Amino acid sequence: MKSALLATVSWLVSSTAAGPFGDTISRDVPLSPRRAGFRDAVSTHAIPMRKHTLTPSTSHPALHRRANVPARLRNIYDVYYSIDLQVGNQMIPVSVDTGSSDTWMVQEPYECVSFWFDPGGVANCGLGTGFIGNLSGGTIPDLPPFVRSYVDGTFVQGFYGREDVTIGGITAHNQRLALVNYTYWHGDGQTSGLLGLAYPYLTSLDGPDQNQPPYDPVFTTMWKSGVIEPVFSIALSRNEDQGNGTSGVPGSGKQQESYLALGGLPPVDIDQATWARTPIHGMRAVPQWGFDTDERGMYIVKPGAFVLERGGNGTDAGMELVRNTTQIPVLIDVGATLSYLPKGLVNELYAAFDPPAKYMSTGGLFYALCNATVPNFGVQIGESTFYMAHEDLLRQTARDPTGEWCRIGVTDTDSPPHVLGVSFLTNVVSVFDVGQGEMRFAARKRY
Ligand SMILES: *[C@@H]1O[C@H](CO)[C@@H](O)[C@H](O)[C@H]1NC(C)=O
Ligand SMILES: *[C@@H]1O[C@H](CO)[C@@H](O)[C@H](O)[C@H]1NC(C)=O
Ligand SMILES: *[C@@H]1O[C@H](CO)[C@@H](O)[C@H](O)[C@H]1NC(C)=O
Ligand SMILES: *[C@@H]1O[C@H](CO)[C@@H](O)[C@H](O)[C@H]1NC(C)=O
Ligand SMILES: *[C@@H]1O[C@H](CO)[C@@H](O)[C@H](O)[C@H]1NC(C)=O
Ligand SMILES: *[C@@H]1O[C@H](CO)[C@@H](O)[C@H](O)[C@H]1NC(C)=O
């Protein structure tokens with residue numbers, strides 16, 4: 001749902017947070033031959049994730065009622081994935097995000113407020129039950145408050161403490177996390193916080209000067225303790241599933257579940273011939289952010305090409321319309337519903353729908369007729385091109401009020417970063433190899 005740093009980072013363009021931080025991850029590891037066969041093992045710590053779909057009625061009314069909502073606050077985060085985090089002895093449902101690094105949850109009782117663009121609004125944060133009582137490791141003294149603002153206008157505020165955090169049988173002992181007691185949020189009541197899976201570097205972008213000493217996030221603590229390899233992977237289903245795994249037995253052809261797998265691969269059917277790898281780039285890779293560092297913060301990769309082909313079943317079906325090999329930095333973000341790519345490319349994609357897609361001011365995004373002919377659109381990584389399924393390009397579940405127009409799964413963005421979000425990630429298994437400093441992808445078998 002989030003991508004915290006997109007908001008934080010936009011403040012930083014003029015005030016660079018430079019400096020050598022104490023990250024122990026070597027960033028110059030060459031792609032290792034050991035990995036050439038991509039023989040990751042299926043993890044015994046694969047945790048089913050629940051898929052949530054936010055309908056307009058469950059998102060914050062302010063986003064629909066007010067005309068002066070900032071353009072970036074359009075409600076386009078309509079899908080998110082969650083897991084249960086064991087925090088001490090309490091189970092806390094949290095959204096999973098690869099675009100931020102902090103793990104936080106509300107502490108009962110907390111204060112929910114309405115935001116500045118809706119001063120008279122009724123505060124309704126839509127958060128589930130939060131952490132109750134005190135953290136066993138206590139609060140961490142002498143730190144500035146925990147404050148995060150997210151791209152959709154939401155914010156959280158609280159303080160840091162320590163507690164054991166367990167996911168899928170792996171425990172981050174005495175983990176630093178944040179308890180939130182003051183927030184503007186718009187959830188559907190199903191989660192109470194966020195699990196941030198990005199690098200330690202992002203945690204330093206806090207406080208007035210955005211230059212705090214970084215700390216190890218949950219996943220970093222886990223792999224540094226030696227109980228898992230420094231790798232996690234994600235498989236997202238595009239279909240609804242309760243996440244209890246009963247609908248998707250590997251090999252049965254019914255793979256509908258989503259997984260976060262720690263230390264290895266998720267148990268889903270993969271097209272082994274399609275494995276591809278690409279380095280994860282440091283913060284400097286996005287020049288507009290103004291970071292003067294090669295330190296890794298988010299999962300930034302540079303696809304080899306974007307490919308657009310005519311769709312349908314006519315004689316020219318499959319004809320290549322565009323192959324753009326400009327290597328742009330792209331964020332791999334489970335917390336983003338859509339994918340965000342350069343305007344020129346996205347306009348070509350819209351035009352390749354038959355009939356072409358069009359901008360609808362009611363939805364603030366591009367839509368095409370739900371029965372339009374959909375082109376083929378793929379992202380080339382290494383030797384493989386990963387095509388987005390037609391139901392991800394033309395999202396039958398996200399319709400305009402007439403019900404005849406469906407939302408396109410790729411949108412343009414005026415400002416970086418470009419993002420491959422859920423609409424892309426449902427087509428692949430993504431391996432976030434922090435140890436090797438690379439991402440690997442393989443196509444999921446059709447599900
Ligand atoms: C939590 O800690 C505060 C301050 O130390 C204390 O007053 C309170 O009783 C504690 N609450 C619980 C439930 O232990
Ligand atoms: C939140 O917690 C901090 C630290 O304990 C405290 O200073 C602050 O007053 C609390 N805010 C609210 C709204 O409860
Ligand atoms: C998952 O569990 C929920 C609650 O127990 C149940 O209602 C649902 O049918 C289950 N889903 C599947 C796919 O088995
Ligand atoms: C092509 O697709 C259209 C619409 O799906 C269908 O009506 C038509 O029969 C198809 N033609 C062929 C030759 O498959
Ligand atoms: C490819 O994409 C880049 C980045 O958006 C753009 O600047 C360039 O004009 C595109 N090239 C072609 C041939 O369309
Ligand atoms: C596609 O949908 C539109 C609007 O629902 C309808 O008017 C049109 O007849 C449909 N076209 C086909 C080929 O079914």
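The chain is numbered in sequence order, starting from 1. None of these values were measured; they are calculated from a predicted model. Atoms within each ligand, like the ligands themselves, are counted from 1 in listed order. Both backbone and side-chain heavy atoms feed into the values below; hydrogens, waters and symmetry mates do not.
- Residue Asn324 places at least one N or O, backbone or side chain, under 3.5 Å from an N or O of ligand 5.
- Between Tyr182 and Phe155, the two ring planes are tilted [angle within 30° to 60°].
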* Go through the steps for Asn427 and Arg238 under the test side-chain hydrogen bond (donor to acceptor under 3.5 Å, both in side chains), then give the verdict. => CA-CA 8 Å; Asn427 298 280; Arg238 71 178 64 87; 3.0 Å; yes

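- Within 6.0 Å of the CD atom in Glu383, the count of heavy atoms belonging to other residues, nucleotides or ligands does not exceed 12.
- Under the 6.0 Å cut-off for aromatic ring centres, Phe291 and Tyr201 qualify, their centroids lying closer than that.
- Without hydrogens or angle criteria, Arg296 side chain to Ile280 main chain gives a donor-acceptor distance under 3.5 Å.
- Taking a heavy-atom cut-off of under 4.0 Å, ligand 2 is surrounded by Glu111, Phe159, Asn181.
- For an aromatic pair to be called close, the ring centres must be under 6.0 Å apart, and Phe432 with Phe219 fails this.
- Those atoms of ligand 5 that come under 4.0 Å of a heavy atom in Pro342, given as number and element, are 5 (O).
- In summary, the side chains of Glu163 and Ser136 do present a donor paired with an acceptor at a separation below 3.5 Å, with no hydrogens or angles considered.
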